[in-house]
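Numbered from 1 within each chain, the chains take letters A, B, ... in sequence-line order. The basis for the numbers below is simple: all heavy atoms, side chains too, and nothing from hydrogens, waters or symmetry mates.
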Amino acid sequence: MHQTEQVESVVVRFAGDSGDGMQLTGTQFTMASVLAGNDIATFPDFPAEIRAPAGTLAGVSGFQLHFSSSEIFTPGDAVDVLVAMNPAALAKNLDFLRENGVLIVNRDSFNKRNLKMAGFESNPLDDEAESLEAYQVYPVDLARLTKDALAESGMSAKEIDRSKNFFALGLMCWLYERDVEVVEEEVHSRFGSKPKYLEANLKVLRSGYNYGENSEQFLTRYHVPATKPSASGTYRNIQGNEAIGMGLICAAKCAQRDLFLGSYPITPASDILHYLSKQKHHGVYTFQAEDEIAAVCAAIGAAWGNQLAVTTTSGPGMALKGEAMGLAVITELPLVIINVQRGGPSTGLPTKTEQADLLQTLYGRNGESPLAVLAARSPGDAFEAAYEAARIAMKFMVPVVLLSDGAIANGAEPWRVPDVDELPQMDVPLLDDASAIEGEFEPYRRDPETLARPWPVLGTPGLEHRLGGIEKWDGTGHISYDPDNHHHMTMQRQERVDRIAHTLPATEIYGEDSGDVLMISWGSTYGACVTAVRLARSEGHSVSHIHLRWLNPMPLDLGGIIDRFNSVLVPEMNNGQLFQLLRSRYLFNGRRYNRIGGVPLRVEDLRQEIVATLTN
Amino acid sequence: MNEQRKFRPKDFSSDQNVRWCPGCGDYAILAGVHRALAKQAIPPEQIAVVSGIGCSSRFPYYMSTYGFHTIHGRAPAFATGLKIAKPEMQVWVVTGDGDGLSIGGNHLIHVLRRNVDLNILMFNNRIYGLTKGQYSPTSEVGKTTKSTPMGSLDHPFKPLQVAAGADATFLARTLDVDAKVMQPVLAAAMAHKGTSFVEILQNCNIFNDGAWAAIAAKNIRADATLLLEHGAPMIFGADRDKGIRLVGLRPEVFVIGENGLTEADAWVHDAHDPEMTRTMILAQFESPKLPTPLGVIRSIERPRYDKGVHEQVNQAAVNGNKNLQEMLVGRRSWTV
Ligand code: SF4
């Protein structure tokens, strides 16, 4: 018999070759954990190369999952269990494994050739080797056991080998008391159309599970009890890119618009295009353009044509769209630009995360070119952020940039499904009747409150008008080179963005609303920041936290809040961009913490920063 | 519903002062477009004109229709998005040789290959006018301009050849000053379902005066150009005494009645030829070697991207689950 030990939370990392199916394994284990009632946060960490040569360090793909019986916000700093499918995966991920952590390795892959490619001079699994002394090492003959399980299947050796991740998955399900039937259902939905692989994978999955039960290699199983979510309701597992797609569909439906997406494939934003391409039945038009520029331009054309128009991109794609974004600013068209940030500059780190496009988004165009900017903080939150981006774009007739990033795009978490009927109202200044207009129609005649110009329904007689990138006379929209008018229009464009702030709710402060340290963060660092602040508070430190949804405009109450703290700490995955913005506006004493590694911030580092800010 | 409405050319003209240089070929094109539009039954509010940047791209401001003066080279992309959003509208793109073939070359070839239902007018004056006189991608080799004091070096594009290379379904050419050619060409372009690409040879009397004098001058036009007509033999010349014949794939000019050759030996124009080979040969004709063709070179049917997009959306709507709440809940959920 095995004993079962109860633990609060576990961080697991699956690592293997790009061809080993680690992302799939991780996703399915995630689903099993979610349905076991745990809170989860994931961090897929894969290389830019599609299939680097097998066994190389460059080809290692990882998937980290944190599951817990309490509320969690991050995929975890240190790994409790590392599943390494080959020596390269071990070499690349061992640093993440905590002392005395569990290490499950596919022993069959530790041959001379693989060891050499991974840079090992000797086999770390050999008894004499001491390099793994600090861990609980479980070598398992994954490849051989998979082969045994599929001996009768008639499959080729290569095909059989590709099922070995299911052995590891089965074993992990046993080890953490995950319901293997949940995983079986996932395998069904994934391989249902390929009966041969379906059967093989199911068989190997079971073999892995049974191996745990029967082999006596593992003496302890672990039990992570279900979480009690803070709110009752229907929950599901969600990834950031899908959440954005759903947020946009809901926004379009609530605004009674069709949805148009102009996009060009780029990592890590492409999944939004993939997702929306499958949602045509919701009135979604997707256009895969010839380049990033055509993608945003087509979206602007569709915005003029009264659709909820969106363009999605990442990295260098954002630079390419700059000129067209300026046109959307001057023509005052509602346009949603989604930037799933990745490591830069240039091609940078395409599959890694970063938040270094903030200043580019705010200022990276010619002329005074203000647009609204908001950021998502987590995969589930990306739904609301996308919905808000669309709502504000249409209400204020302004381009809105939604900043997401690689960690949000591919990360997953449980998400409380909102009630469609309770989504915020849409306010769309459509104009489809000219009968009340005296004289010539004026496309820039504004709503006195929002300063939004009307959104004329194209095709309406009497509303014919000409838009363009040349400065226009306010009201009539005729070309104007008048100095006073240009100054006025420039201020008008800024004012319209500023007025968004008047419609935003008061800033939420986590902790006291005055004290020693105020941490201010934005984007996907939310989870790590809030966790670090909680930790520091539990240690008795006077620290509060604000996480910004809107970067432009900034909340009206922000300056006042900052004034009530002795010091401000701004952690970012860039070289101090928000810090610079805040300091130029609010002139406070502060400290910044910047880590640009292409990976999420670590809770422990942030906790130390809080302490350092307190003692400075 | 608009069938009863009758239009005059001035119904399509805006109240804005036209700001092209006096004598610019664009005036004649503008008048020609106003005239052509008045002959169809489509009201101004059902028409949108999208342009890029350049002298020609000021066009939308002089139209009473919906208009969008966008950014340099990208008009086909804006027009594609618009056409998807507003399939019922007639969408025009006005571009120039610099806008459409230099900075916007990529968008041009892709819109042509997709065959989006647009009418593209490319004003070709072989010069950059708005930036005050640099050579363009259609300028002849050796052209001396502000940016090429020792003469330009690069080989020019032939717009129709580029468009043919992108498998355009409608290709035509006209002259700014020749209403007799322009009107039927515009009528055919408007009637064509798919991307109509019309090259308009245009004079820039400020920076490239006489850009097309060698073919457009009244006294030589009949000999320097070939007016194409579907189903008719290719005969040209002031006395209509010359023909074009194909020897293998090599086109040559012959004199009717000489060397035993008659009208019956002339190449008969087939604008609906689905194969591109002969179209491409024709698109390369250039005076003085061969007469510059005017009129409709190609007009074939091919599925349209914009229509296909709508068909897919409509098809998906038939069986797709449109329940938003169910979309949000997804395949797997749990309730607490
Ligand atoms: S510069 Fe040339 S093309 Fe431009 S408006 Fe003047 S004459 Fe016409």
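- For residues 253-262 of chain A, the set of pairs meeting the side chain to side chain donor-acceptor pair (under 3.5 Å) definition, not counting sequence neighbours, comprises A:K253-A:H282.
- In this structure, no portion of B:R113 lies under 4.5 Å from any heavy atom of chain A.
- Residues of residues 55-74 of chain B lying under 4.5 angstrom from chain A, judged on non-hydrogen atoms, are B:R58, B:P60, B:Y61, B:M63, B:S64, B:T65, B:Y66, B:G67, B:F68, B:H69, B:T70, B:I71, B:H72, B:R74 by number.
- Among all heavy-atom pairs drawn from A:R466 and B:S14, the shortest one is NH2-CB, 4.3 Å.
- Of all residues spanning residues 94-108 of chain B, those with a heavy atom less than 4.5 Å away from chain A's heavy atoms are B:N106, B:H107, arranged by number.
- Side-chain contact check for B:V309 versus A:K280: every heavy-atom pair is 4.5 Å or farther apart.
- For B:M89, the part lying near chain A is the side chain, with the backbone staying farther off; criterion is any non-hydrogen pair under 4.5 Å.
- Of the two parts of A:L423, neither the backbone nor the side chain holds a non-hydrogen atom closer than 4.5 Å to a non-hydrogen atom of chain B.
- B:L328 has its side chain within reach of A:M246: a pair of non-hydrogen atoms, C-beta onward, lies under 4.5 Å apart.
- For a residue to count as touching a neighbouring chain, one of its non-hydrogen atoms must lie under 4.5 Å from one of that chain's; by this rule A:L327 touches chain B with the side chain only.
- Taking 4.5 Å as the heavy-atom cut-off, the residues of residues 312-326 of chain B that approach chain A are B:Q312, B:V313, B:A316, B:A317, B:G320, B:N321, B:K322, B:N323, B:L324, B:Q325, ordered by number.
- Looking at A:V296, neither its backbone nor its side chain comes within 4.5 Å of chain B, counting heavy atoms on both sides.
- Interface residue A:F260: only side-chain heavy atoms are found under 4.5 Å from chain B.
- Heavy atoms of A:A231 lying under 4.5 Å from chain B belong exclusively to its backbone.
- Under the 3.5 Å distance criterion, with hydrogens and angles disregarded, a donor-acceptor pair is assigned to the side chains of B:R331 and A:S189.
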